[in-house]
Amino acid sequence: MCPAFGSLRILSRIEGSHPVMATDTGCLYGLTFVTHFYGARKSILAAHLRTSELMSGEIVESTRAAIDVAAKEPGCQLIPVVSLCVAETAGLPEEMLPRRIGDAEVVLVRVPAYAIHSHPEAKDVALAALLRRLGQPEGERDDKSLVLLGEVFPADPLIIDAVVRQMGVSGTITLPGRSIDDLRRAARAGALAPLHPFYKETTAVFRGWDMPVVGGAPVGASGSYAWLQAVGRLLKLDPALVNATAESERDKAQAILNAQPLSGRILVTGYEGTELAYARLLIEAGADVPYVSTSIGADPLVLPDEMWLKAHGTKEVIYRKSLEDDLAALDEYKPDLVLGTTPFASAAKERGIPALYFTNQLASRPFFLSGGMAATIAFIRQMLTKGAQYQWMQEFFEVDHA
Amino acid sequence: MPNVIRDLSDTSSYWAAIWTICPLPDAHVICDAPIGCFNLVATAIPDYTDAVPHIENVTPSVIREGEVSGSGTAQTVKRTYEALRDSGILSDKRLIVVSTAESEMIGSDLSDLVTQLQPGTTFFHSESLSYDEWLGRDRVLQWLWDNYGAADAAQIAPEPGLVNIIGPTYGCFNAPSDLHEVKRLIEGAGGRVNLVFPYEATLAGMPSLAKAQVNVVLYQEFGQTLAATLGRAWLQAPIGIKATTEFVRELGRLLGTSDQAEAFIRHEKKTTLQAVWDLWRGPQSDWFSTISVGIASTRTYVDGLSAYLGDELGMQVAFKAYRPRHAGEIGNEEVRSLLHKSPPSFVFGSINEKIYLSEGGKRQTSFIPAAFPGPVVRRSIGTPFMGFRGTVYIIQEMMNLLYETLFNFLPLDSAYTAQNGGGLVSRVGIQPVSLVWTPEAKAVLDAALEKMPFIARISASRELQMRVETVAQQRGLKEIDAALAREVLEK
């Protein structure tokens, strides 16, 4: 995947948002294609940038023309201008673009793939740009409310919301989401809880609004317990209530882990930036996860998960990984199941090892707290039983019995 | 007024270069690209266009900030080459370095650098900032011939009966089926398939393109330049009954196998094409003249489908949107507006047209994938648009979708849909009250029906009428006037 896609994924899904892209046609074709697969059923506008426009400095005029068309879409409130490699190389000065047109805010999002490096980091850049423009910190704060930060399966925010309300949280907002209004009012919440560990710029924006940040994420038994306690402390909730909720969640989670134990060796790899958290849950459920790799860089936000994994048998945690790193791990660890990118998953299948494309299969089921983890663990359990089938298929196609 | 792109339909000539060169297994490409330009063209998109897990014989130079801001890409391409060489991947391959939009943007010309890499390494300047995928494919096919075929082809004489097929490459919609059918037609006409270039070819085997007596170019969009260079007679692959018959006949004439070609046509009429004759004599063809069709696809498909469905079967062709678009032809903006306002009963197109139908809430139009972009698996050889088998497949597909539409018009007892939280009409139930419609209100209803595909109208008339009457009942009205009809039907 092109790392810049992370930005389009979140920008295209917002209701009333009509992205305009500034890029070459090859890039536009690829990113529009994946947006129409993973993002939204949304028509995508772009400046027509060929040699003539790029070399003669008509890039601003072309982009403005596309903005004018976007503003006429029904219900348009937001026009993110997504500036990619060639436009960034040519130069697209922000001050030359309108800040508003009609009812719509125009927000420049710079995500050249040569500088962004990973899909999740592009999500962060895009969300931070939106919040800087749209966030409305003025006005009364809702001190007991919580912003959940991370693109998660739709059931997850409902599950988390229900649990934190039990301990006195007044409500939750999930970003990035589908509502422009959520971007405005998130600035007046009581605390920020990044569920995913790569929202560096976005977290800095919230810190600029003096918002406290909850560490960790509600993953597995120990992770859920610690996270609920941290939320309680930061929002100054009733400790007795918090304790009761956190203990109850831990017990429920432990019961699921006990009822559905995993056994087998799993490599957890991908480019989503959430791989460490998944590895953590699988280990708690009993799996052996010797190798974890991700596209994001090392960062204080991921360090707690890395330390937890290293203390629980993970031998290697690779940041900014390459396909070659993953392939070497496949030889080294001989796993029973592989979660990875399509080239890596197909390499595992070619060896008769069950494998899943992390992006398509893991992000599409609930994950957090006891209410979410069951679905993920059940799925992994089922996949761990499929060795014979993958082996049969591999032998049929690759071994000549003649 | 600068040009604005709505939902790009054609990718760039860099993509064309990768998708045209990489089917050749003895080529390895270094694309001089940021990581994203590699991931999209080699994995993310061919996963869903060609249903291949990833294209293996291409490696990116990985352009980063340093290269963009001054250092250029020569060193990173060199390092990429050295890593490939050391891994042994290049031992039996020829290396080709391909430029991308970004490398062209920073002015990286590697024609000199390639002379320092593995002997025989070439640089292909894809001109990605200037050309689209179609011209791109045409250029790279010719370039491949100039660099890897022509020199050794001079002493090769054509052999009677041999026929090349030029095209497909990766990223050509429905290629496996169309290719298979065209091969069958060539053999039916008395020829033998020599080389399918580049899909089933190698760089090393390229000189043997000169062995064919006739070339068949699969698509109108690219391949003609190479066909002309090869200097033999060439034919365009056919869609529809007439074009296919003429193709087989002409190929037979060129190969000196006319008797065989005529016998094949006679046999096809009694076998493959019998299905078209049966459908024509059956109740199905009665619908043909009531069916309207919109087509957005390559020129090959638009011309072929409109000749077959329009001229031969008598359907109404509502619009033709060609890729690549030429001056004066309708673009996506016009197609979108047509599909929002008055869509035809069938749309052949890409995911763009599918999105426009969704935006317009046009569920009564049947969509048939007929172009990229858009995810679709077309790896079975049983779904050709080309040739005699194509004529059967297309009409079979349309009739089955028509049956589906007709099925959905049949009434279903509202108690069942109510159980599932069904639509407004179902929830209210069928009321045995008949309300008075003013003539003006009736005119609004008729206008709403006019915008629907013909086949949908009979059943839709009842449904639209009930929608208005349900609202009227909820408000306790005795008469339906134009204002109410407009409120319900035109929102």
Side-chain angles (χ1 to χ4, degrees), chain A residues 1-5 20-21 23-34 36-37 41-55 58 61-66 68-70 74 84-86 88-90 112-117 271 324 341-343 345-347 349-350 357, chain B residues 1-16 33-45 47-49 53-54 56 62-65 67-68 83 87 100-102 104-106 126-130 132-133 332-333 336 351-352 354-356 358-359 372-375:
Chain A
M1 188 65 76
C2 174
F5 173 60
V20 161
M21 293 172 64
T23 187
D24 72 277
T25 52
C27 169
L28 180 59
Y29 184 88
L31 289 177
T32 310
F33 194 115
V34 287
H36 290 160
F37 195 88
R41 284 184 280 178
K42 190 167 276 181
S43 181
I44 302 279
L45 292 160
H48 205 182
L49 303 184
R50 291 155 300 191
T51 316
S52 50
E53 286 83 5
L54 287 161
M55 300 306 170
E58 282 171 48
E61 286 86 334
S62 297
T63 307
R64 291 183 70 117
D68 288 342
V69 178
L84 294 137
C85 293
V86 299
E88 286 297 289
T89 305
Y114 58 72
I116 290 286
H117 300 311
Y271 58 73
E324 288 69 31
T341 59
T342 49
S346 73
K349 290 171 192 168
E350 281 162 22
Y357 180 25
Chain B
M1 175 72 181
N3 218 331
V4 173
I5 299 173
R6 178 177 294 282
D7 303 310
L8 186 75
S9 303
D10 313 297
T11 185
S12 73
S13 50
Y14 154 64
W15 285 55
I35 192 72
C37 294
F38 159 75
N39 283 340
L40 289 171
V41 78
T43 299
I45 307 308
D47 275 352
Y48 302 121
T49 50
H54 63 127
E56 295 184 24
V62 190
I63 296 177
R64 294 184 203 270
E65 280 157 306
E67 284 79 33
V68 174
S87 72
T100 64
E102 183 61 19
E104 289 162 24
M105 192 66 209
I106 59 177
S126 70
E127 305 263 14
S128 198
L129 288 170
S130 305
D132 68 18
E133 59 178 302
N332 284 348
E333 206 64 73
R336 188 182 191 219
I351 201 166
N352 297 338
K354 207 170 166 179
I355 287 172
Y356 304 152
S358 302
E359 288 170 345
F372 292 133

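Here is the naming used below: chain letters follow the sequence lines, and residue numbers restart at 1 for every chain.
- No part of B:Asp132 comes within reach of chain A, as not one of its non-hydrogen atoms sits under 4.5 angstrom from that chain.
- Nearest approach of A:Val69 to B:Glu333, heavy atoms of both residues: CG1-OE1, 4.3 Å.
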Going by atom type alone, with no hydrogens or angles, which donor-acceptor pairs under 3.5 Å involve a side-chain atom of residues 24-34 of chain A and a protein atom two or more places apart or on another chain?
{"unit_1": "A:Asp24", "atom_1": "OD2", "unit_2": "A:Gly26", "atom_2": "N", "d": "2.9"}
{"unit_1": "A:Asp24", "atom_1": "OD2", "unit_2": "A:Cys27", "atom_2": "N", "d": "3.3"}
{"unit_1": "A:Thr32", "atom_1": "OG1", "unit_2": "A:Leu28", "atom_2": "O", "d": "2.5"}

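- For A:Tyr114, there are no ring pair (Phe, Tyr, Trp, His ring centres under 6.0 Å) partners, not counting sequence neighbours.
- Chain B forms more heavy-atom pairs under 4.5 Å with one residue of A:Glu88, A:Arg64, A:Met21, A:His48 than with any other, namely A:His48.
- Of all non-hydrogen atoms in A:Cys2 and B:Asn39, the two that sit nearest each other are N-CB, 4.0 Å.
- B:His54 approaches A:Pro343 most closely through the heavy-atom pair ND1-CB, 3.8 Å.
- For A:Tyr357, the part sitting under 4.5 Å from any heavy atom of chain B is the side chain, from C-beta outward, and nothing else.
- At a 4.5 Å heavy-atom cutoff, the contact between A:Lys42 and chain B is made by backbone atoms alone.
- In this structure, no portion of B:Glu67 lies under 4.5 Å from any heavy atom of chain A.
- A:Glu58 does not touch chain B: none of its heavy atoms, backbone or side chain, sits under 4.5 Å away.
- Ranked by heavy-atom pairs under 4.5 Å with chain B, the list A:Pro74, A:Ser52, A:Ala66, A:Ala113 is led by A:Ala66.
- With a threshold of 4.5 angstrom between heavy atoms, B:Glu359 approaches chain A through side-chain atoms but not through N, CA, C or O.
- Using a 4.5 Å heavy-atom threshold, the side chains of A:Thr89 and B:Glu102 count as touching.
- Only the side chain of B:Tyr356 comes within contact range of chain A, with heavy atoms under 4.5 Å apart.
- Heavy-atom distances place both the backbone and the side chain of B:Ser130 under 4.5 Å from chain A.
- Neither the backbone nor the side chain of A:Ala4 comes within contact range of chain B, judged by heavy atoms closer than 4.5 Å.
- How far OH of A:Tyr271 is from CZ of A:Phe5: 8.0 Å, rounded to the nearest 0.5 Å.
- A heavy-atom distance below 4.5 Å is not found between the side chains of B:Arg336 and B:Asp7.
- Between chain B and the options A:Ala46, A:Pro3, A:Ser346, A:Ala70, heavy-atom pairs under 4.5 Å are most frequent for A:Ala46.
- Contact annotation for B:Ser13: neither backbone nor side-chain heavy atoms come within less than 4.5 Å of a heavy atom of chain A.
- A donor-acceptor pair under 3.5 Å is formed between the side chain of A:Glu53 and the backbone N or O of A:Arg50.
- Without hydrogens or angle criteria, B:Tyr14 side chain to B:Cys37 main chain gives a donor-acceptor distance under 3.5 Å.
- Contacts with chain A were tallied for B:Thr100, B:Thr11, B:Ile351, B:Asp10; B:Thr11 has the most, counting heavy-atom pairs under 4.5 Å.
- The residue among B:Ile5, B:Leu40, B:Asn352 with the most heavy atom pairs within less than 4.5 Å of chain A is B:Ile5.
- Ranking B:Glu56, B:Glu104, B:Arg6, B:Arg64 against chain A, the residue ahead of the rest is B:Arg6, based on heavy-atom pairs under 4.5 Å.
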